[in-house]
Amino acid sequence: MAKKKAAILGSSGMIGQRFAHMLHGHPYFDVVAYCASDRSEGKTVAQAWKLSDIELDRGLGAQVIQGTDADSLRKQDVEVVFSGLPSEVAGKIEDDLADHGMAVFSNAASHRMEADTPILIPEINAEHLESVEVQKKRRANHGFVVTNANC
């Protein structure tokens, strides 16, 4: 099975770095883009690393952080996005990525009140993923956003 090309948004922050640590060497995802704000663009993951409780893998640490741009991610054939962006900036960016056909899994609160956006707790309400099919119909390229409860 071919791995899905993935991107991590907020790679210079703590949530994005947890995503990076968990997805490094993952059997289903190949992270091809580590994204953050202009302040971190061009730095390596090691230069931005904040998680003192986790030893940074050398290969992960060498990855260069790029800006967060839907067109760039589309050109890299990104299919899945894991977003650790703060809520105040996540909404517009995540919408843009979903409108470009990407599956966005967000930690932010920006989409939690939308009727067709599931707040997923996989062990409890996996059936809520059915609402993604409704959401895909309203988006230009059939992407979607799924959020977590963050509780």
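Numbers here are sequence positions counted from 1. Because only heavy atoms are used, hydrogens play no part in the values below, and waters and symmetry mates are left out as well, while side chains stay in.
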Aromatic ring pairing F29/F82, orientation class (parallel under 30°, perpendicular over 60°, tilted between): perpendicular
D96: salt bridge (charged side-chain N to carboxylate O under 4.0 Å, His left out) partners, not counting sequence neighbours: none
Residue K92 excluded, over 12 heavy atoms near NZ under 6.0 Å: no
Main-chain N/O of S87 paired to S110 side chain as donor or acceptor, under 3.5 Å: yes
Residue H142 excluded, over 12 heavy atoms near NE2 under 6.0 Å: no
Residues forming a salt bridge (charged side-chain N to carboxylate O under 4.0 Å, His left out) with E41, sequence neighbours excluded: none
Heavy-atom donor-acceptor pair, N125 side chain to I119 backbone, under 3.5 Å: yes
Shortest non-hydrogen contact from I65 toward S12: CD1-CB, 4.3 Å
Neighbour count >12 (heavy atoms, 6.0 Å) for atom CD, E55: no
Salt bridge (charged side-chain N to carboxylate O under 4.0 Å, His left out) against R18, all qualifying residues, sequence neighbours excluded: D53
Hydrophobic cluster partners of L9 (side-chain heavy atoms under 4.5 Å): V32, L73, V78, V81, L85, V89, I93, L97, M102, V104, V145
More than 12 heavy atoms from other groups under 6.0 Å of CD on E88: yes
Between Q76 and S72: side-chain donor-acceptor atoms closer than 3.5 Å: yes
Side-chain (S11) to main-chain (C35) donor-acceptor, under 3.5 angstrom: yes
E114 vs R138, side chain to side chain contact (heavy atoms under 4.5 Å, CB included): CA-CA, chis, key distance, verdict: CA-CA 12 Å; E114 295 171 1; R138 76 170 163 90; 3.4 Å; yes
Min side-chain heavy-atom separation R112-N148 under 4.5 Å: yes
Which residues share a salt bridge (charged side-chain N to carboxylate O under 4.0 Å, His left out) with D71, sequence neighbours left out: R74
Under-4.0 Å salt bridge between K5 and E79: no
Residue pairs passing the side-chain hydrogen bond (donor to acceptor under 3.5 Å, both in side chains) test where at least one lies in residues 24-39, sequence neighbours excluded: H24-D57
N107 side, atom CG; E94 side, atom CD - distance, nearest 0.5 Å: 9.5 Å
